[in-house]
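Structure record follows, encoded as structure tokens.
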Amino acid sequence: MCGIVGMVGRPKVTSALLDGLRRLEYRGYDSAGVAVFQDGDFQIRRAQGKLNNLDKLLNDSPAEGQTGVGHTRWATHGAPSERNAHPHRIGDVVVVHNGIIENHLELKREALAQGAEFSSETDTEIVAHLVNREIQQGHGLLDSTRRALEKVRGAYAICVLSRKHPDELVVAKNASPLVIGVGEGENYVASDIPALLPYTRDIIFLEEGEMARITREKVELFTLSGETVNRRAKHIHQWSVNQAEKAGHKHFMIKEIHEQPRAVIDTLRGRLDPAGPRIYLDDVRMDQQTAERVRRAVIVACGTSYHAGLIGKFIIEELARLPVEVDVASEYRYRRPIVDRDMLFLAISQSGETADTHAALRESRKLGARVMSVCNVVDSSIARDSDDVLYTHAGPEISVASTKAFTTQIVALALVGLRLAELRDTISSDRYFHLTNQLLMLPGMMEDVLKHAGKVKDIAQKYMNARDFLYLGRGINYPVALEGALKLKEISYIHAEGYPAGEMKHGPIALIDDKMPVVVLATRNESYEKMLSNIQEVRSRGGKVIAIVTRGDQDVISMASDYFEIPAIDPLLEPLLTSLPMQLLAYHVADLKGTDVDQPRNLAKSVTVE
Ligand code: AGP
């Protein structure tokens with residue numbers, strides 16, 4: 001997730017570009033850059049880190065013009081460094097991009113063979129090469145961009161400029177957001193509306209597979225195959241800048257909850273080929289010999305990432321028939337764990353900076369383990385210290401309470417499980433195809449669950465004043481119960497406990513009375529009948545059962561005080577759906593109580609102290 005802004009015809013464009021980028025910084029802040037057209041050529045300034053660094057650079061080395069683009073980067077391919085910062089320039093062409101070019105390696109190999117030179121590790125630079133090649137053959141900017149994009153597979157919102165066409169911006173969109181702002185004598189483009197609100201509220205929403213030529217006088221829309229598109233600008237009345245950053249949501253947490261289908265698509269992108277369906281994990285270099293040699297895996301993480309690890313254990317053990325231990329990083333590192341060369345150490349961390357997880361990883365690596373990590377932040381400390389990294393492409397997670405990072409971690413672990421199973425020959429082709437198909441269907445199923453979010457709000461309204469909550473799950477849904485309880489306590493400050501349902505009668509049952517809401521994960525899987533008994537045990541002590549059920553399961557619905565339905569999915573992937581109502585319940589209870597949802601008291605997003 002990166003932020004793009006472009007303007008044509010704006011006097012003193014640089015400060016407006018910086019202002020736009022500041023409003024888009026929530027989309028990433030690994031580096032930033034601008035390109036402005038001045039005296040017949042582009043002036044490009046790029047700086048690693050937050051926008052302030054670019055601001056300082058521009059103070060020392062000003063660049064000014066009337067047409068330009070800016071970019072704030074959330075790294076996906078290549079470290080967050082100056083040379084990987086956008087804009088990328090090749091020959092006459094300057095490009096900024098948000099998204100992932102899936103076939104960039106293949107295209108880059110072809111370009112290298114033809115003598116092209118690359119100065120970054122990004123997936124974007126190839127687009128600049130492709131467009132420049134067309135420009136040099138005499139095509140216009142719009143045509144050159146179209147011809148280049150015919151070769152490209154993946155997600156993109158791009159903005160392209162050419163020295164030969166100084167008063168034009170060409171933009172194109174496929175699966176990444178892009179809006180066009182219509183002004184008077186000046187026009188604009190951006191990843192999101194807030195960047196444009198100081199200049200215009202007349203917005204054209206570009207749709208998938210569309211492109212536009214933007215000059216100071218007009219905006220022309222086309223499909224990628226060249227047909228003209230007629231669409232008028234919409235006037236945006238109601239949004240404040242702050243609301244717009246949250247895409248109209250009240251908090252980042254609820255925005256990030258709703259981003260999960262998109263985050264899963266991005267995490268699968270380029271790794272799960274729907275044609276097979278088949279998994280390609282270029283980023284995990286483990287070969288067959290190593291996969292067969294591994295005797296056990298140890299997953300280490302903290303908090304929500306630890307809960308994802310507990311789910312990963314079920315997935316990897318079942319698919320790859322590899323014993324998996326899961327430990328909290330702060331415990332693991334202080335108990336002299338047994339580490340050997342035949343074990344796979346797997347660290348999970350959204351930030352890639354959590355001190356305990358990082359220290360555990362370093363120690364295990366020193367002792368000879370092969371180290372893999374699942375991280376969201378590219379080139380973070382944990383990622384850098386790993387033999388293999390599988391990035392979750394969830395985009396920046398701003399809310400302290402982790403949501404989209406959690407579900408994309410589970411997706412990444414499912415990919416690891418399937419890949420290990422393939423290498424170790426422990427999965428039948430039927431099962432492989434079934435699970436890969438289910439992963440492809442997952443974003444649609446998540447959308448389906450999120451469509452009914454209002455129902456969870458009603459449940460939250462009913463129970464928001466409870467003093468305690470109990471969450472019960474079995475098997476792969478036990479970690480979901482732990483995660484549901486963690487979400488609720490961290491943002492609503494209500495005491496909540498997650499428990500394996502079978503353990504309830506060994507103690508926690510004493511807590512149950514008519515004031516205790518009990519969230520029960522009672523989907524149709526192999527522990528279904530046992531969960532029914534647990535529900536009866538809670539009911540007969542007056543407890544209020546809030547059941548998460550498989551759609552249409554009247555048996556559980558008739559026993560529950562309240563219920564929420566999820567679509568049927570393979571039990572191994574069920575946490576990817578059952579965790580959504582957990583997140584929504586915590587969110588709505590906290591919001592109704594009026595707590596600081598995105599920045600709850602005493603917590604920090606990234607825990608870099610031990
Ligand atoms: C969960 O909502 C918390 N933000 C917290 O438990 C978090 O998952 C934990 O601190 C680990 O962070 P990491 O994934 O960045 O390592």
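In listed order, ligands and their atoms are each counted from 1.
A donor and an acceptor atom, one from each side chain of N534 and R474, are located under 3.5 Å apart. The closest side-chain donor-acceptor pair between H495 and D468 falls under 3.5 angstrom.
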Inset, instruction - Determine, step by step, whether D123 and I100 satisfy the side chain to side chain contact (heavy atoms under 4.5 Å, CB included) criterion, reporting the C-alpha distance in whole Å, the side-chain angles of both residues, the deciding distance to 0.1 Å, and the verdict. - result: CA-CA 7 Å; D123 54 327; I100 298 172; 4.1 Å; yes
Legend entry - Full working for side chain to side chain contact (heavy atoms under 4.5 Å, CB included) between E353 and I382: CA-CA 6 Å; E353 301 295 343; I382 290 174; over 6 Å; no
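Listed as neighbours of ligand 1 are C302, G303, T304, S305, S349, Q350, S351, T354, V400, A401, S402, K487, E490, each bearing a heavy atom under 4.0 Å from the ligand.
With salt bridges taken as basic N to acidic carboxylate O contacts below 4.0 Å, one links K404 and E259. Ionic pairing of R601 and D596 is not present here: no N-O contact between side-chain nitrogen and carboxylate oxygen is shorter than 4.0 angstrom.
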